[in-house]
There are 2 protein chains.
Amino acid sequence: MAKDGSTTRDKIIDTAMELSLRQGHVATSIDEVIQHAGITKGSFFYHFPSKKDLAVALIERFSATEMQILQDNLEKANKLSKDPLQQLLIFVGLIQDLHSQLEEGHIGCLFASFSYENQLQDEELQAMASETLIEWKSKLSEKIQEIIKLYPPRQPVNPDDMADMFLATLEGAYVMTRIMHNPEIVQLNLEQYKTYLESQFKPG
Amino acid sequence: MAKDGSTTRDKIIDTAMELSLRQGHVATSIDEVIQHAGITKGSFFYHFPSKKDLAVALIERFSATEMQILQDNLEKANKLSKDPLQQLLIFVGLIQDLHSQLEEGHIGCLFASFSYENQLQDEELQAMASETLIEWKSKLSEKIQEIIKLYPPRQPVNPDDMADMFLATLEGAYVMTRIMHNPEIVQLNLEQYKTYLESQFKPG
DNA sequence: TACTACCAACAGACTAGTTGGTATAAATTA
DNA sequence: TAATTTATACCAACTAGTCTGTTGGTAGTA
């Protein structure tokens, strides 16, 4: 066996992820990536035949890590309560905690970034991002369906749409945080989403 | 008086606005702008000494037009009902109508686009965008305060945060529309926001 | 153990093309 | 006449991507 290139590959992805989330993928040149990663151009193109291949790897990585976060925190919440409404409220709270530790510069969604740069015109990338969002939505939608069965909602609600709204709230909060340079916005908006859930489902 | 350069200047802004919203400002080259606008490079740099000056003009224009849309539709809604809750619900409906006419490619927020490209690191631009968002928020917050006075909310709510949530919902819906290539998402999410308002304030 | 052959991983100079921006002179218009 | 616009040529800096090599280690063989 030869030298293990996976560490270099990971280092490239790590570096490119941080830079692309901060300043956009188009604005992130390969020269910049290799400089920050402390490698050379030859090494970069050995691992990624083109910049588009790097983009694919970034989307893959982002999908995987965020999906993991979603699942981990859903499971965590499921263990902390037996009531599905409480589970979802706890889940949102855990997501809030997660973001409270992040600095302003590290808040954002790679899909959002790519979408505003038109990098998702490529069908492969677009499909990957779409499918990930749909997966997230269906996971949340399942939980909301459990809630609806237990607590008749004040108004007729569609669980898919309510799941969508969580994602939109988060995406919107990211955008506003980046515009206003104020990470607290994520906390406030997720708090609002919890209030929405309670006002819809909490009896009394 | 010499030839009126404001038409050319406007044409540049129009073209650059469309291109920047579609593919990002960094990815929009000056060559591309002048080609689409049907002018020459000399003419471009006569009106905008640098690309950054174009960015300032774009943010200015976007702030102004969106602020106008907000105010127009708030006034329109105010005329269609005397009840503040109904006014806000009608307003959100008008915003929905507005977006139903747009094609997918034309949905997006220039502030969001700039934020994900780190173009708002420039303090001048960041201040302009922030102040515009704060203005939008306070306009909506005023209306929500009226509602709270009339209809005691189910839970203690902060009007500023509820106004924030409208903006975040819209921003998030833009992002998700761009990722999923599905303009209907804006409709669905604003529908959810209306449901939230009703569940919070509607008596019974 | 020593020799040879081999290979993935990496280096860095290099190419071809693009970028924002400049320069300048002539033409057009109010 | 003065402001505006065209046209074209140009620049240094930067871009993604290619090139030819070098390296450290692996594997087979004798």
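It should be emphasised that the depicted structure is a prediction, and the values quoted were computed from it without experimental measurement. Every chain is numbered from 1, with letters handed out A, B, ... down the list of sequences.
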What's the closest nucleotide to the side chain of [X] if the choices are [options]?
X	options	value
B/Ser50	C/dG21, C/dC10, D/dT6	C/dG21
B/Ser29	D/dT4, D/dA16, C/dT19	C/dT19
A/Lys51	C/dC10, D/dA16, D/dA7	D/dA16
B/Phe45	D/dA3, C/dG21, C/dA9	C/dG21
B/Tyr46	C/dG12, D/dT5, D/dA16	D/dT5

| field | Residue mapping more 5' on DNA chain D - nearest nucleotide basis, B/Gly38 or A/Val26 | value | B/Gly38

To the nearest angstrom, how far is [X] atom [atom1] from [N] atom [atom2]?
X	N	atom1	atom2	answer
B/Gln35	C/dT19	CD	P	11 Å
A/Phe48	D/dG17	CZ	C1'	15 Å
B/Phe44	D/dT5	CZ	P	13 Å
A/Ile34	D/dT15	CD1	P	11 Å
B/Ile30	C/dT22	CD1	P	10 Å
A/Asp53	D/dA16	CG	P	14 Å
B/Gln23	C/dT19	CD	C1'	14 Å
B/Asp31	D/dT8	CG	P	14 Å

Does a side-chain N or O of [X] approach OP1 or OP2 of [N] to a distance below 4.0 Å, or not?
X	N	value
A/Thr8	C/dC10	yes
A/Thr40	C/dA11	yes
B/Ser43	D/dT6	yes
A/His47	C/dC10	yes

| query | A/Phe201 pairs by side-chain contact (heavy atoms from CB on, under 4.5 Å) with which of A/Leu89, A/Leu150, A/Val157? | reply | A/Val157

Donor-acceptor pair between [X] and [Y] side chains, under 3.5 angstrom:
X	Y	answer
A/Thr169	A/Asn189	no
A/Gln119	B/Gln23	no
A/Gln121	A/Gln126	no

| task | Would you classify A/Lys41 as touching base, sugar-phosphate or nothing, given that sugar-phosphate means primed atoms plus P, OP1 and OP2, and contacts are heavy atoms under 4.0 Å? | result | base

| field | Check: A/Tyr174 ring centroid to A/His99 ring centroid under 6.0 Å | value | yes

